[in-house]
Amino acid sequence: AKESGHNYFQFYVASIDREIRERKQLEKDLSVALNSHQFHLVYQPQINLETRRIIGAEALIRWQHPEKGLIPPDDFIPVSEMNGSIVEIGQWVLDQACRQAARWASDGMPLRIAVNLSAVQLRQDSIVDDILDTLERHNIPAGRLELEVTETSFMTNLEEAVDKLKRLRRAGISIAVDDFGTGYSSLTYLKRMPVQHLKIDKQFIRDLLVNEEDTRIANTIIDLGKSLNLSVVAEGVETAEQEYYLAQRGCQLAQGYFFSKPLKPHDFERFVASFHDN
Ligand code: C2E
Ligand code: CA
Ligand code: CA
Ligand code: CA
């Protein structure tokens, strides 16, 4: 027993050791990814459920690793938040998304673009100026940008977050609370934050109409939106039944595989054209 315990311990240490090495390698690869042009953005259409028009797109980052292939953002965004590289990566995302929005506008497609803003980015002193400068550089009206922030962004320094989001809001940028309901939701935040949209996390949409609890949570968020005069976006809509339910329940906006996966710019343009033809 003593022998096998010893072996288990060695095995355990070896696996932690491997994890640390892999993590270090990931950070190293991440540090050159931006300058080696390994990132690109994909765009997922956001649909108004009443008019059935595409009103905008959420920009989502993709990392094409030279050896490992496509690495999902959930595998590297948290790492880049921990080592601070998200500040530079996030600025690149914003710049790229605004450049795309400007192109689409000049092609007669003035869509709103939603960009995920990490809590780490929001903590930067220069963040408000950086965002406004980027809009100006690309000649994008502030009303065409939406920033998606999670509830954790509000927690670290509430006063500072309120102040920055208010400045962004005053400039005309809209703010959405992302992953709503998964974090430490507090009605106090909602009351104090200058937000216009709530995004129901896809974990509550997946089993909508199958799991009663999820259905109730989605209903509650939609009702909360109504009473606070915030529009509600459902993410992760995958079926016609989900769309139908959300639309008749009064959820205004939706995105999800039922309409489209996140797409590269060219495919996105074709999708918009064919969607509005039907
Ligand atoms: P999120 O912001 O909550 O984005 C929604 C995620 O759901 C995206 O995953 C999207 O591709 C996926 N999705 C969309 N429709 C469906 C559907 O119908 N079914 C299912 N199962 N999934 C759907 P993705 O692109 O892998 O991104 C994961 C997370 O990584 C995002 O979650 C966001 O938190 C983060 N992320 C992605 N891009 C960026 C970025 O540019 N900056 C920052 N800070 N975070 C990002
Ligand atoms: Ca998001
Ligand atoms: Ca989410
Ligand atoms: Ca998220």
Side-chain angles (χ1 to χ4, degrees), residues 30 33-34 38-47 54 56-65 69-101 112-124 127 130-131 134 145-153 174-183 185 195 197-208 214 217-218 221 232-243 246 251 253-264 267-268 271:
L30 200 51
L34 193 55
Q38 292 167 15
F39 293 126
H40 67 272
L41 297 185
V42 287
Y43 297 86
Q44 187 172 42
Q46 299 184 317
I47 283 99
I54 296 166
E58 178 179 4
L60 294 153
I61 195 168
R62 296 290 178 264
W63 180 11
Q64 187 67 49
H65 189 285
L70 209 56
I71 302 183
D74 282 329
D75 288 358
F76 69 88
I77 293 288
V79 176
S80 74
E81 287 179 323
M82 255 178 288
N83 74 14
S85 59
I86 188 66
V87 173
E88 212 186 332
I89 295 171
Q91 177 55 45
W92 177 85
V93 170
L94 186 69
D95 193 72
Q96 197 67 18
C98 288
R99 174 167 306 146
Q100 188 60 66
R112 189 183 71 194
I113 209 95
V115 173
N116 293 285
L117 188 75
S118 159
V120 178
Q121 288 176 274
L122 190 62
R123 280 206 295 271
Q124 301 298 304
I127 189 66
D130 293 344
I131 292 168
T134 309
L145 178 67
E146 173 147 298
L147 294 171
E148 300 195 354
V149 297
T150 58
E151 290 151 300
T152 34
S153 303
S174 60
I175 316 285
V177 185
D178 208 353
D179 301 347
F180 189 74
T182 65
S185 310
V195 302
H197 301 278
L198 300 180
K199 285 192 90 169
I200 309 177
D201 192 70
K202 61 177 184 288
Q203 80 175 69
F204 304 120
I205 304 298
R206 190 184 52 217
D207 295 326
L208 190 72
D214 290 340
I217 290 171
I221 298 175
V232 175
V233 189
E235 80 174 15
V237 175
E238 293 189 0
T239 69
E241 290 74 21
Q242 292 166 348
E243 184 206 9
L246 290 162
C251 175
L253 302 172
Q255 61 187 100
Y257 298 163
F258 176 62
F259 305 104
S260 169
K261 295 182 306 188
L263 300 168
K264 291 185 179 178
D267 296 323
F268 184 90
F271 177 80

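Whatever order the structure lists ligands and atoms in, that order sets their numbers, starting from 1. All values reported here derive from a predicted model rather than from experimental measurement.
Residue contacts with ligand 1 leave out Pro72, since none of its heavy atoms falls under 4.0 Å from the ligand. Lys261 does not count as a contact of ligand 1, since none of its heavy atoms falls under 4.0 Å from the ligand.
In this structure, OE1 of Glu148 and OD1 of Asn116 enclose an angle of 90° at the Ca ion (ligand 2), rounded to 10°.
Against a heavy-atom cut-off of under 4.0 Å, Pro262 is close to the following atoms of ligand 1: 11 (O). Against a heavy-atom cut-off of under 4.0 Å, Gln44 is close to the following atoms of ligand 1: 14 (C), 15 (N). Listed by number with element, the atoms of ligand 1 under 4.0 Å from a non-hydrogen atom of Glu238 are 17 (C), 18 (O), 19 (N), 20 (C), 21 (N). Residue Asp74 approaches ligand 1 through these ligand atoms, each under 4.0 Å from one of its heavy atoms: 28 (C), 29 (C), 30 (O). Ligand-side atoms of ligand 1 in range of Gly256: 15 (N), 18 (O), range being under 4.0 angstrom from any heavy atom. Under a 4.0 Å criterion applied to the non-hydrogen atoms of Glu235, ligand 1 contributes the atoms 3 (O), 5 (C).
Side-chain contact between Phe180 and Val232 is absent, with no heavy atoms from C-beta onward closer than 4.5 Å. Residues Val93 and Phe39 fail the side-chain proximity criterion, which asks for heavy atoms closer than 4.5 Å. With a 4.5 Å cut-off on side-chain heavy atoms, Gln91 and Asp130 count as touching.
Any N or O atom pair closer than 3.5 Å counts here, and Ile61 shares at least one such pair with ligand 1. Some N or O of Asp179 is nearer than 3.5 Å to an N or O of ligand 1, by distance alone. In terms of polar-atom proximity, defined here as any N/O pair under 3.5 Å, Gln121 makes no such contact with ligand 1. In terms of N/O distances under 3.5 Å, ligand 1 is approached by Asn116. Looking at ligand 1, you won't find any N or O of Asp201 less than 3.5 Å from one of its N or O atoms.
Contact check on Lys199 versus Glu146 returns no salt bridge, with no Lys/Arg side-chain nitrogen under 4.0 Å from an Asp/Glu carboxylate oxygen.
For the side chain to side chain contact (heavy atoms under 4.5 Å, CB included) with Leu208, the qualifying choice from Asp214, Leu246, Thr239 is Leu246, the only one to do so.
Gln46 places no side-chain N or O within 3.5 Å of a backbone atom of Gln255 that could act as its donor or acceptor partner. For the pair Gln242 (side chain) and Glu238 (backbone), a donor-acceptor distance under 3.5 Å is present.
The Ca ion (ligand 3) has no N, O or S atom of Asp178 inside 3.0 Å of it. With a cut-off of 3.0 Å, the Ca ion (ligand 2) has no N, O or S atom of Asp179 in range.
With distances taken over non-hydrogen atoms, the option nearest atom 1 (P) of ligand 1 out of Asp75, Val120, Asp178, Thr150 is Asp178. With atom 26 (O) of ligand 1 as the reference point, the heavy atom nearest to it among Ala114, Ser80, Ala97, Pro73 is part of Pro73.
Heavy atoms of Val93 found under 4.0 angstrom from ligand 1 belong exclusively to the side chain. Under 4.0 Å from ligand 1, the heavy atoms of Lys202 that appear belong solely to its side chain. Of the heavy atoms in Lys199, none comes closer than 4.0 Å to ligand 1. Counting heavy atoms under 4.0 Å from ligand 1, residue Arg206 does not touch it at all.
The Ca ion (ligand 2) lies closest to atom OE2 when only the N/O/S atoms of Glu58 are considered.
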